[in-house]
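Just below is one structure, and these are the notes that go with it.
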2 protein chains.
Amino acid sequence: MDQKEIGIILKERRKSLKITQLDLADIAGVSVRSLRDIEKGKTNPELETLLNLCKVLGLEISIKVIK
Amino acid sequence: MDQKEIGIILKERRKSLKITQLDLADIAGVSVRSLRDIEKGKTNPELETLLNLCKVLGLEISIKVIK
DNA sequence: CCATAACCAGCAATATATTGCCGCTTTGCT
DNA sequence: AGCAAAGCGGCAATATATTGCTGGTTATGG
């Protein structure tokens, strides 16, 4: 799980919901400029930014012990 | 899932592994100052910082669609 | 083909996480 | 109780994510 992978997950999820970057960014309270960098895996987003996007996209982040 | 919750998870995991903040921070390549804020939920960590800590702690972060 | 929407990326400015330093407090052990 | 280890948190400096702006490129519908 790294930046690039997360970017892909977010982008694919957004597309499957058929919403634009502009709309997602707007609803999530994130700038479209940041969203683009995140989807491209070109930045190291803050947790809150990621959580805001996930919330809108119906995605959940979980942390658990590796078995 | 928010900052506070993540801080608690990290701290409990670290304690269960019986390592100090200093050691964890050192191994993970994160400053102990940041680790403290993160465990306290007082900061909004960057994804990479979180991933570095999780790696050392044997924790994995996953993102999936909410059913 | 044309027009429009959607996406992309460089740049400078701003906001904020991260860091190192320091002294203090709490915890745990003998 | 006394000591040492571990944790805590303010502060200023630094690094870097985020933002708004701008102009360009690519996809898409009529």
Side-chain angles (χ1 to χ4, degrees):
Chain A
M1 175 65 70
D2 61 352
Q3 291 177 16
K4 210 137 275 184
E5 196 178 341
I6 287 178
I8 294 172
I9 292 174
L10 293 190
K11 181 163 192 170
E12 288 183 348
R13 176 64 177 164
R14 176 178 62 79
K15 298 213 137 188
S16 81
L17 294 177
K18 301 202 192 314
I19 56 182
T20 65
Q21 288 180 334
L22 206 63
D23 285 342
L24 170 55
D26 192 41
I27 298 172
V30 171
S31 76
V32 67
R33 193 67 193 71
S34 295
L35 173 57
R36 273 175 200 150
D37 283 345
I38 292 171
E39 284 192 352
K40 287 283 180 182
K42 296 185 62 175
T43 193
N44 170 28
E46 295 174 359
L47 178 64
E48 189 179 323
T49 303
L50 207 53
L51 291 174
N52 287 341
L53 293 171
C54 284
K55 187 177 300 183
V56 175
L57 292 172
L59 296 174
E60 74 180 353
I61 295 182
S62 62
I63 302 184
K64 37 182 192 296
V65 179
I66 300 176
K67 292 171 296 297
Chain B
M1 175 65 71
D2 62 351
Q3 291 176 17
K4 209 138 277 183
E5 196 178 339
I6 287 177
I8 293 173
I9 292 174
L10 293 191
K11 181 164 190 168
E12 287 183 349
R13 176 63 177 166
R14 176 178 61 80
K15 296 211 138 187
S16 81
L17 294 178
K18 300 201 192 314
I19 55 181
T20 66
Q21 289 180 335
L22 207 63
D23 285 341
L24 170 55
D26 192 40
I27 299 172
V30 171
S31 76
V32 67
R33 196 65 194 73
S34 295
L35 173 58
R36 273 174 201 152
D37 284 344
I38 293 171
E39 285 192 351
K40 285 284 181 182
K42 297 185 62 174
T43 194
N44 172 27
E46 295 174 358
L47 178 64
E48 190 179 322
T49 304
L50 207 53
L51 290 174
N52 286 341
L53 292 171
C54 284
K55 187 177 300 183
V56 175
L57 292 172
L59 296 174
E60 73 181 352
I61 295 183
S62 61
I63 302 184
K64 34 180 192 296
V65 179
I66 299 176
K67 295 170 292 298

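Side-chain atoms are counted along with the backbone in the values below, which use heavy atoms only and exclude waters and symmetry mates. Lettering follows sequence order; numbering is per chain, from 1. Given the structure is predicted, the values throughout are model-derived calculations rather than measurements.
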- Task: Do nucleotides 5-10 of chain C as a string where each nucleotide becomes B, S or -: B if the base has a protein heavy atom under 4.0 Å, S if just the sugar-phosphate does, - if no protein is that close.
- Result: -SBBBB
- About how many Å separate NZ of Lys4(B) and CD1 of Ile38(B), when rounded to the nearest 0.5 Å?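 Separation between the atoms: 14.0 Å.
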- same_hphob_cluster(Leu10(B), Leu17(B)) at 4.5 Å side-chain heavy-atom cutoff: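 Yes, it is one cluster - the side chains of Leu10(B) and Leu17(B) are joined through contacts under 4.5 Å.
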- Message: Hydrophobic clustering (ILVMFWY, side-chain heavy atoms < 4.5 Å, transitive) - are Ile19(A) and Ile27(A) grouped together?
- Response: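 Yes, Ile27(A) and Ile19(A) fall within the same hydrophobic cluster.
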Could you work out, with side-chain hydrogen bond (donor to acceptor under 3.5 Å, both in side chains) as the rule, every residue matching [X], not counting sequence neighbours?
X        : value
Ser34(B) : Ser31(B)
Ser16(B) : none
Arg13(B) : none

Which protein N or O atoms sit under 3.5 Å from an N or O of nucleotides 24-30 of chain D?
none

- Message: Taking side chain to side chain contact (heavy atoms under 4.5 Å, CB included) as the definition, give me every residue that meets it alongside Ile8(B), ordered by chain and number, with sequence neighbours left out.
- Response: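 Partners of Ile8(B) under the side chain to side chain contact (heavy atoms under 4.5 Å, CB included) test: Glu12(B).
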Could you pull out every donor-acceptor pair under 3.5 Å between side chains of residues 46-57 of chain A and any protein atom, sequence neighbours left out?
| from | atom 1 | to | atom 2 | distance (Å) |
| --- | --- | --- | --- | --- |
| Glu46(A) | OE1 | Asn44(B) | ND2 | 2.9 |
| Asn52(A) | ND2 | Glu48(A) | O | 3.4 |

Can you check the [X] [atom1] to [N] [atom2] distance for me, whole Å?
X        : N       : atom1 : atom2 : value
Gln3(A)  : dA17(D) : CD    : C1'   : 11 Å
Leu47(A) : dT18(C) : CG    : C1'   : 15 Å
Asp26(B) : dA6(D)  : CG    : P     : 13 Å

- Query: So, is Ser31(A) close to the dT18(D) phosphate, meaning a side-chain N or O under 4.0 Å from OP1 or OP2?
  - Reply: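 Checking Ser31(A) against dT18(D): no side-chain N or O falls below 4.0 Å of OP1 or OP2.
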- Strictly below 4.0 Å, heavy-atom distances to any atom of DNA chain D: list the hits from residues 48-60 of chain B, or just say none.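 When residues 48-60 of chain B is checked for heavy atoms under 4.0 Å from DNA chain D, there are no hits whatsoever.
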- Message: Using five pairs at each end of the helix from dC1(C)-dG30(D) to dT30(C)-dA1(D) to define an axis, what is the angle between those two axes, to 10°?
- Response: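 If I round to tens, the end axes sit 70° apart.
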I'd like a table of atom pairs between the protein and nucleotides 13-16 of chain D - only N or O on both sides, under 3.5 Å - with the distance next to each one.
none

- Across the strands shown, which category fits Val30(B) at heavy-atom distances under 4.0 angstrom: base, sugar-phosphate, nothing?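 Contact class for Val30(B): sugar-phosphate only.
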For residues 58-67 of chain A, please give each side-chain donor-acceptor pair under 3.5 Å, one per line with the distance, not counting sequence neighbours.
| from | atom 1 | to | atom 2 | distance (Å) |
| --- | --- | --- | --- | --- |
| Ser62(A) | OG | Ser62(B) | OG | 2.9 |

- Query: Restricting to pairs with a member in residues 19-41 of chain A, which pass salt bridge (charged side-chain N to carboxylate O under 4.0 Å, His left out), not counting sequence neighbours?
  - Reply: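 The answer is Arg14(A)-Glu39(A), Arg33(A)-Asp37(A).
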